[in-house]
Amino acid sequence: MTLQAPTYDLVLLLDPQAEPDTRAKIVDDARATITAKGEVVGDADWGDRALTYPIDRKKDAEYHLLQFHASTPELLSELDRTLRITDGVIRFRIVKLKPGTPAAPDLRSGAYAPPRTSAEGAGPATAPAAPSPAPAATESDATASTPEPAAEEPAEQATLAEPA
């Protein structure tokens, strides 16, 4: 039984101020390096996005995701060495995926909506959701025997003892 080569994610953050041909060449070179010693499984262009924090005084970057199978560890070291010295690469990260990891989201189409944080107006993350109103009763509901929900117990009230 032959084991399948491990799957990796390569996320590239490219300088959007670099020439478009230069950015395309960086991605094509990374793809060619991978196909020489492995197999490209997925290729996603996530477009220009704001960085969480400035890197080298840059506030945004062009994101690319390459998913691949690496048949040799030399592929990883070659990618690492090449991308470290390539002008136009702001950051990159190579991550080994665990088996069963879901597919990467399609961030280009706008179908992916990241979870909202309290800073974006969603309220505190620990706040319970407001209960939805009960639907109106119908005749079929009258015949169904559903138990009544338990009445809420009154909140415990603190009593102050008055000095005698």
Side-chain angles (χ1 to χ4, degrees), residues 1-136 138 149 152 155:
M1 181 170 143
T2 305
L3 294 175
Q4 184 178 11
T7 304
Y8 292 88
D9 275 356
L10 167 62
V11 180
L12 291 170
L13 277 64
L14 305 178
D15 185 0
Q17 296 172 347
E19 293 294 322
D21 294 338
T22 303
R23 294 190 309 255
K25 184 176 181 340
I26 293 169
V27 175
D28 290 341
D29 288 348
R31 192 178 302 114
T33 302
I34 292 168
T35 54
K37 295 183 181 179
E39 173 190 8
V40 175
V41 177
D43 186 357
D45 175 7
W46 287 344
D48 288 350
R49 298 190 167 277
L51 296 171
T52 303
Y53 55 89
I55 301 173
D56 296 331
R57 296 188 198 106
K58 293 173 178 45
K59 295 183 180 183
D60 57 342
E62 182 179 319
Y63 283 66
H64 291 273
L65 171 68
L66 295 171
Q67 292 182 319
F68 62 95
H69 294 297
S71 55
T72 63
E74 291 83 27
L75 171 60
L76 301 176
S77 61
E78 185 176 343
L79 279 171
D80 184 63
R81 180 177 31 87
T82 304
L83 293 172
R84 282 185 191 275
I85 62 173
T86 303
D87 290 334
V89 176
I90 296 175
R91 286 277 195 278
F92 70 93
R93 180 76 58 199
I94 300 172
V95 178
K96 182 178 182 179
L97 300 178
K98 293 181 180 179
T101 302
D106 182 14
L107 297 180
R108 190 64 148 176
S109 68
Y112 174 75
R116 293 176 55 187
T117 62
S118 60
E120 294 173 347
T126 59
S132 59
T138 61
E152 290 185 27

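Numbering starts at 1 and runs along the sequence shown. Source: prediction; values computed, not measured.
- The line from CZ of Phe92 to CG of Leu66 is 12.5 Å long, rounded to the nearest 0.5 Å.
- A distance of 10.0 Å separates CG in Leu51 from NZ in Lys58, rounded to the nearest 0.5 Å.
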- Task: Start with the C-alpha distance between Leu12 and Trp46, add both sets of side-chain angles, then the distance that settles side chain to side chain contact (heavy atoms under 4.5 Å, CB included), and finish with yes or no.
- Result: CA-CA 10 Å; Leu12 291 170; Trp46 287 344; over 6 Å; no
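- Between Arg93 atom CZ and Leu65 atom CG the span is 14.0 Å, to the nearest 0.5 Å.
- At distances below 3.5 Å, at least one donor-acceptor pair connects side-chain atoms of Asp15 with backbone N or O atoms of Gln17.
- Minimum interatomic distance between Leu79 and Ala30 (heavy atoms only, all atoms of both residues): CD2-O, 4.2 Å.
- In this structure the side chain of Phe68 never reaches within 4.5 angstrom of the side chain of Asp43, judged on heavy atoms.
- Summarising the geometry of Ala61 relative to Pro16, their closest heavy-atom pair is CA-CD, 3.8 Å, with the distance given to 0.1 Å.
- Electrostatic pairing of Asp21 and Lys25 does not count as a salt bridge here, judged by no charged N lying under 4.0 Å from a carboxylate O.
- Within the 4.5 Å cutoff, the side chain of Ile26 has heavy atoms near those of the Leu14 side chain.
- Atom CG of Asp87 sits about 12.0 Å away from atom CD1 of Ile90, to the nearest 0.5 Å.
- In terms of heavy atoms, Gln67 sits closest to Leu97 at NE2-CD1, 4.1 Å.
- Atoms CG and CD1, on Asp9 and Ile94 in that order, are 10.5 Å from each other to the nearest 0.5 Å.
- A salt bridge links Arg23 to Glu62: at least one charged side-chain nitrogen sits closer than 4.0 Å to a carboxylate oxygen.
- Annotation: the span from Ile55 atom CD1 to Asp60 atom CG amounts to 11.0 Å, rounded to 0.5 Å.
- In terms of heavy-atom proximity, Leu75 sits nearest to His69 at CD2-O, 4.5 Å.
- For the pair Tyr8 and Ala70, the tightest heavy-atom approach, listed with the atom from each and the gap, is CE1-CB, 3.6 Å.
- Within 6.0 Å of atom NZ in Lys59, 12 or fewer heavy atoms from other residues, nucleotides or ligands are found, so the atom counts as exposed in its surroundings.
- Using a 4.5 Å heavy-atom threshold, the side chains of Asp29 and Thr86 count as separate.
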